[in-house]
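What follows is a set of notes on a single structure, which appears directly below.
Atoms within a ligand are numbered from 1 in the order they appear, just like the ligands themselves.
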Amino acid sequence: MGDYLRPVSLDEALKALARPWTVLAGGTDFYPARVGRAIDENVLDVTGIAALRGVSAGPAGWRLGATTTWSELIETALPPLFDGLKQAAREVGGRQIQNAGTIAGNLCNASPAADGVPPLLALDAEVELAGRAGTRRLPLSAFITGNRCTVLAPGELLVAIHVPKLARDARSAFLKLGARRYLVISIAMAAATLEIEQAHVASARIAVGACSAVAQRLPALEAVLVDAPITALAERVDAAHLAPLSPIDDVRGSAAYRRDAVVTLLRRLLRSFA
Ligand SMILES: Cc1cc2nc3c(=O)[nH]c(=O)nc-3n(C[C@H](O)[C@H](O)[C@H](O)COP(=O)(O)OP(=O)(O)OC[C@H]3O[C@@H](n4cnc5c(N)ncnc54)[C@H](O)[C@@H]3O)c2cc1C
């Protein structure tokens with residue numbers, strides 16, 4: 001059994017990270033990955049650090065603290081821009097998982113099927129990382145580099161996720177396809193953020209997860225949605241727009257099924273804006 005530390009300040013945590021620790025937040029990815037073996041590493045529990053918790057708004061946008069749980073996010077009053085992320089939060093496991101699991105844990109675990117990633121990509125989110133040498137901010141799209149791979153350096157913590165404000169009215173939505181309605185790993189999921197002006201799309205950001213090692217934006221689809229009336233978006237989706245995806249065959253579905261299903265998911269998702 002290694003050491004266990006639960007600091008109450010970020011400073012204390014970063015000082016501790018001068019030597020190797022495994023970070024623990026809600027533990028809902030951490031513990032299932034260690035079933036049947038003793039936990040022999042040093043564990044740094046970040047859930048006691050008040051500065052890492054909760055959602056706040058500023059002139060440039062919103063800051064989601066790293067250890068904000070899915071339940072806390074659902075219960076926070078936020079504009080329609082966050083509807084997609086909240087829809088995803090409601091589908092992360094069941095209530096017990098949503099009460100313990102954190103947004104940053106979902107991102108740092110970097111599963112291709114992490115439900116938080118597509119909605120945050122569609123929100124153009126940035127992550128804030130802190131280490132003893134200082135902090136850095138980078139787009140979420142540059143943070144996750146592969147299946148279970150991120151650019152988090154040894155001694156660094158993800159401290160917050162930043163969502164920029166948009167100039168116009170914006171709404172977002174999320175749809176997940178699983179083998180059943182709840183408590184299921186995604187076969188595919190899609191998220192969209194649309195800026196809307198006079199019932200037409202002024203800008204679009206669309207991301208798809210579980211169909212590539214890292215969730216991907218679909219720039220060609222985003223481009224054809226601009227200027228379209230929000231009542232006529234679904235028909236603009238074309239299989240050619242899925243070029244950035246590289247789905248695999250696995251126990252949950254074949255690559256061909258995923259490609260087919262994503263087209264339907266995207267059409268349903270876009271219809272939900274009408
Ligand atoms: C029954 C069950 C159902 C689930 N269903 C879903 C689902 O439907 N959709 C889905 O996306 N996920 C699902 N999950 C996975 C999991 O609940 C989520 O990914 C959750 O958000 C992970 O957060 P956590 O706080 O529990 O992370 P932890 O398990 O505490 O940590 C996960 C990883 O991130 C690292 N980490 C955590 N926080 C930080 C930080 N601030 N800085 C640096 N590194 C950090 C840890 O070291 C670890 O490697 C499910 C899990 C279970 C057990």
Can you list the ligand 1 atoms lying under 4.0 Å from a non-hydrogen atom of [X]?
X	result
Gly27	24 (P), 26 (O), 28 (P), 29 (O), 30 (O)
Ile97	1 (C), 2 (C), 17 (O), 52 (C), 53 (C)
Leu152	43 (C), 44 (N)
Ala114	11 (O)
Leu158	40 (C), 41 (N), 42 (N), 43 (C)
Gly101	23 (O), 24 (P), 25 (O), 26 (O)

Measure the distances from the heavy atoms of Ala33 to every atom of ligand 1 and state whether one is below 4.0 angstrom.
no

Ligand 1 contact by Trp70, heavy-atom criterion under 4.0 angstrom:
yes

Can you see which heavy atom on Ala239 is nearest to which on Val263, and at what distance?
CA-CG2, 4.3 Å

For the CZ atom on Arg90, are there more than 12 heavy atoms of other groups (residues, nucleotides or ligands in this structure) within a distance under 6.0 Å?
yes

Closest non-hydrogen protein atom to [atom], residue and atom name please, with distance?
atom	answer
atom 38 (N) of ligand 1	Ala25 CB, 3.8 Å
atom 20 (C) of ligand 1	Thr28 OG1, 3.4 Å
atom 18 (C) of ligand 1	Asp29 OD2, 3.4 Å
atom 12 (N) of ligand 1	Asn106 ND2, 3.7 Å
atom 37 (C) of ligand 1	Gly105 CA, 3.6 Å
atom 6 (C) of ligand 1	Gly93 N, 3.6 Å

Closest to atom 23 (O) of ligand 1 among Thr68, Leu157, Thr102, Ile103 (heavy-atom distance):
Thr102

Checking heavy-atom distances from atom 46 (C) of ligand 1 to each of Thr22, Val23, Asp115, the winner is Val23

Please check if the side chain of Glu195 supplies one atom and the backbone of Asp169 the other of a donor-acceptor pair under 3.5 Å.
no

My question is simple, although I want it checked carefully: is atom 49 (O) of ligand 1 less than 4.0 angstrom from any protein heavy atom?
no

Is there at least one pair of N or O atoms, one from [X] and one from ligand 1, spaced under 3.5 Å apart?
X	result
Ala66	no
Gly26	yes
Cys108	no
Pro32	no

Salt bridge check: are Arg258 and Asp250 linked by an N-O gap of less than 4.0 Å?
yes

Check this for me: does any side-chain nitrogen of one of Asp40 and Arg34 sit under 4.0 Å from a carboxylate oxygen of the other?
no

If you measure from each non-hydrogen atom of [X] to ligand 1, which part falls under 4.0 Å: side chain, backbone, both or neither?
X	value
Gln96	neither
Leu52	neither
Ala113	backbone

